[in-house]
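Below is one structure, written out as structure tokens; the observations come after it.
Below, read A as the first sequence line, B as the second, and so on, with proteins coming before strands; counting in each chain starts at 1.
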Amino acid sequence: MNFKPVDEQLAVIKRGTVEIVPEQELIEKLKKSKKENKSLKIKLGVDPTRPDLHLGHSVILRKLRQFQDLGHEAILIIGGFTAMIGDPTGQNKTRPALSLEEVQENAETYISQAQKILDESKTTLVNNVDWLGDMTFMDVVQLSSKLTVARMIERDDFSKRFENNEPISVHEFLYPLAQGQDSVHLKSDVELGGTDQKFNLLVGRDLQKTDGQEPQVCLMMPLLVGTDGSMKMSKSYDNYIGIDEPANDMYGKALSIPDELIYTYFELVTDVSIEELESLKQKAEEDPRNTKHELAHTITRMYHGEKAAEAARKHFEETVIKKNIPDDAPEFHFESGSTVRLLDIISDAEMTSSNGETKRMMKQGGVSLNEEKIKDPGFEVTFENGKEYELKVGKRNFARLISG
RNA sequence: GGGGGGAUACCAAAGUGGCCAACUGGGGCAGACUGUAAAUCUGUUGUCGUGAGACUUCGGAGGUUCGAAUCCUCCUCCCCCCA
């Protein structure tokens, strides 16, 4: 491996990074690595509790990928064991512990999605069940003696729960130790994590020191703000863009982020070069509309390819800007001459979740047939030979009704 | 081991015998507006029914009552305080 100069590597590593603890140690490690022509071990632990990955997860995975591209060894730890504990970080309640089978299943989905971002051939996959699972109770007791309760309850998530009279289980205290033990086991040089992982990452450092190892450098990435512009991207807030989502949705959702986030998204979730980033900062301010389209295009391209990204743009323009019916709207056929209540058509097509909702939408002007708003819940459609209707229910629910 | 508090719709949280399909906030949905699926404003938000209305819902199971989310009994789960 021919490593790039340290300062070049550092520039890539620092892209989007919030904090490197301590940065000087990282520089030393990089120097040593180049000198000895030996790659660094970069550790990323993932919790396969929820297998659906979104752009928020991609931030950290992309960072791992960047390390790979710099020639370092990416170690992706599937937290099989830790998932069964449930990471308390940022939680206001105890996470449900998963069974071994669930973890296994989730892990597979997770890996297959993560490979879209990582360089599959160069990723070392491990599961911490393999070493944590073998520890004896005595081992655990000894390990836990290295961390004090006072330090644990300093943590925000615990102290908040404590104040709010919410339960904290003892086993949740063991989570950072388990994660730290991973670092000891793997002898990692760098561990990646979100800013919310700082505590856990630092425990890894401490444990390595106790073990006589050279401690890992902790690298924290920001938590990506979701499409709502305020909370971190998360499935439970429904402000996420999934990496498995259809191109059209991806494109549209990317466009819905607030303007202030355009640059951040370019920086954290796209593969545009560092040089390009510079110019994008200004572009985003001067011409947010087009820059955001460029962002949406870039993101969609990364996961679906150039062609699909282009198609997604067209789809967006047609349906959202021009408010036209998309080409791929589902079609429903009706016998010519028949008369059917519109309410029933919508219900059969499952375009709403209940008749009450349909009626409500009708009253509010959310249902239209061939551009004409239908407000009467009893409205009936008569299908004459060859006649076609374009049905719109709500903002983006379309269907074509065809007779014959 | 002892004492106290709690469980309400997607979430948070009022309601403590009829005016409750249930205040309010968040979220969701719709309309207007917009470069946008953003922001803002307005409306709406159990199911069935064109409608009148009917039915189901307030941790679970029973009971009292003309009538219960509200009262009683038992059960399940959770939190706090003292030891």
Side-chain angles (χ1 to χ4, degrees), chain A residues 55 91-96 158-170 225-242 245-265 283-297 299-300 312-326 339-348 350-369 371-381 391-398:
Chain A
L55 291 185
Q91 296 292 307
N92 48 15
K93 56 184 171 196
T94 310
R95 280 199 181 185
F158 282 146
S159 57
K160 266 186 202 138
R161 277 160 67 180
F162 210 68
E163 276 165 33
N164 295 336
N165 293 339
E166 279 155 3
I168 302 169
S169 300
V170 173
V225 176
T227 54
D228 61 346
S230 60
M231 290 184 290
K232 73 165 185 177
M233 185 174 282
S234 156
K235 220 182 164 189
S236 39
Y237 299 146
D238 198 26
N239 61 356
Y240 69 99
I241 302 176
E245 277 193 82
N248 288 346
D249 292 346
M250 208 177 233
Y251 195 96
K253 281 188 180 185
L255 272 189
S256 77
I257 65 167
D259 291 355
E260 308 80 70
L261 286 178
I262 297 176
Y263 176 77
T264 309
Y265 269 54
K283 254 167 106 179
E285 274 172 35
E286 287 167 0
D287 184 7
R289 189 180 73 101
N290 286 320
T291 315
K292 206 190 282 183
H293 272 283
E294 197 176 325
L295 172 69
H297 185 276
I299 292 173
T300 313
R313 172 172 198 136
K314 285 206 182 91
H315 179 268
F316 185 86
E317 278 171 1
E318 283 299 311
T319 59
V320 179
I321 298 177
K322 294 184 190 158
K323 301 190 196 301
N324 288 338
I325 184 165
T339 299
V340 190
R341 226 163 40 136
L342 187 61
L343 189 78
D344 295 327
I345 296 175
I346 293 170
S347 163
D348 290 345
E350 292 177 338
M351 295 172 88
T352 57
S353 57
S354 72
N355 284 356
E357 189 184 345
T358 309
K359 277 182 264 181
R360 200 181 308 132
M361 277 198 194
M362 284 178 159
K363 273 183 209 149
Q364 300 188 123
V367 174
S368 55
L369 197 62
E371 316 265 302
E372 195 185 324
K373 287 186 180 175
I374 306 296
K375 299 206 172 186
D376 171 23
F379 186 85
E380 294 182 329
V381 192
L391 173 63
K392 186 182 178 204
V393 180
K395 276 195 170 80
R396 53 199 128 123
N397 239 323
F398 297 91

Protein-nucleotide distance ([X], atom [atom1]; [N], atom [atom2]), rounded to Å:
X: A:Phe398; N: B:A37; atom1: CZ; atom2: C1'; answer: 12 Å
X: A:Ile257; N: B:A38; atom1: CD1; atom2: P; answer: 13 Å
X: A:Met362; N: B:U44; atom1: CE; atom2: P; answer: 19 Å
X: A:Met250; N: B:U36; atom1: CE; atom2: C1'; answer: 18 Å
X: A:Arg313; N: B:G35; atom1: CZ; atom2: C1'; answer: 11 Å
X: A:Leu295; N: B:U36; atom1: CG; atom2: C1'; answer: 13 Å
X: A:Lys375; N: B:G51; atom1: NZ; atom2: P; answer: 16 Å
X: A:Asn239; N: B:C11; atom1: CG; atom2: C1'; answer: 15 Å

Lys/Arg N to Asp/Glu carboxylate O, A:Lys283 vs A:Glu294, below 4.0 Å: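 Salt bridge present between A:Lys283 and A:Glu294.
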
Ring-face cation of A:Lys314 near A:Tyr251 (centre distance under 6.0 Å, axis angle within 45°):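 No, A:Lys314 does not lie over the aromatic ring of A:Tyr251.
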
Have a look at [X] and say if it touches a base, only the backbone sugar-phosphate, or nothing, with a 4.0 Å heavy-atom cut-off.
X: A:Phe379; answer: nothing
X: A:Asp259; answer: base
X: A:Asp344; answer: nothing

Residue whose closest nucleotide on RNA chain B lies nearer the 5' end, A:Asp376 versus A:Asn248: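 Its nearest nucleotide lies further toward 5', so the answer is A:Asn248.
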
Most 5' of A:Leu255 and A:Arg341 on RNA chain B, judged by nearest nucleotide: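 Between the two, 5'-proximity favours A:Leu255.
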
So if I take every side-chain heavy atom of [X] and compare against [options], which nucleotide ends up nearest?
X: A:Ser354; options: B:U36, B:U47, B:G51; value: B:U47
X: A:Lys359; options: B:G35, B:A38, B:U50; value: B:U50
X: A:Leu343; options: B:U36, B:U47, B:U50; value: B:U50

Dot-bracket notation for RNA chain B, counting Watson-Crick and G-U pairs under 3.5 Å, with | for partners on another strand: ((((((((.[[[..)..(.....]]]((((((.......))))))(((....)))...[[[[[..)....]]]]]))))))).

Letter per nucleotide, 5' to 3', of nucleotides 26-32 of chain B [B base touched, S only sugar-phosphate touched, - untouched; heavy atoms, 4.0 Å]: ---SSSS

Expressed in whole Å, how much space separates the [atom1] atoms belonging to [N] and [M]?
N: B:U24; M: B:U8; atom1: C1'; value: 14 Å
N: B:C75; M: B:C80; atom1: C1'; value: 22 Å
N: B:G59; M: B:G5; atom1: C1'; value: 16 Å
N: B:G18; M: B:A69; atom1: C1'; value: 13 Å
N: B:G6; M: B:A14; atom1: C1'; value: 15 Å
N: B:C23; M: B:C72; atom1: P; value: 25 Å
N: B:G60; M: B:C11; atom1: P; value: 14 Å
N: B:U65; M: B:U73; atom1: C1'; value: 16 Å

Can you tell me how far the [atom1] atom of [X] sits from the [atom2] atom of [Y], to the nearest 0.5 Å?
X: A:His297; Y: A:Asn290; atom1: NE2; atom2: CG; value: 12.5 Å
X: A:Met250; Y: A:Leu255; atom1: CE; atom2: CG; value: 13.0 Å
X: A:Ile346; Y: A:Thr352; atom1: CD1; atom2: OG1; value: 6.5 Å
X: A:Met351; Y: A:Asn397; atom1: CE; atom2: CG; value: 4.5 Å

Ring geometry between A:His293 and A:Phe316 (parallel below 30°, tilted from 30 to 60°, perpendicular above 60°):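 Because their plane-to-plane angle is over 60°, the rings of A:Phe316 and A:His293 count as perpendicular.
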
Worked verdict on A:Val340 versus A:Glu380 for side chain to side chain contact (heavy atoms under 4.5 Å, CB included): CA-CA 5 Å; A:Val340 190; A:Glu380 294 182 329; over 6 Å; no

Chi angles and distances behind the side chain to side chain contact (heavy atoms under 4.5 Å, CB included) call for A:Asp259, A:Thr291: CA-CA 9 Å; A:Asp259 291 355; A:Thr291 315; over 6 Å; no

Criterion side chain to side chain contact (heavy atoms under 4.5 Å, CB included) on A:Val320 and A:Arg396, from CA distance to verdict: CA-CA 8 Å; A:Val320 179; A:Arg396 53 199 128 123; over 6 Å; no

Distance-only side-chain donor-acceptor flag, A:Ser353 / A:Glu357, under 3.5 Å: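 There is such a pair (donor and acceptor under 3.5 Å, judged by atom type) between the side chains of A:Ser353 and A:Glu357.
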
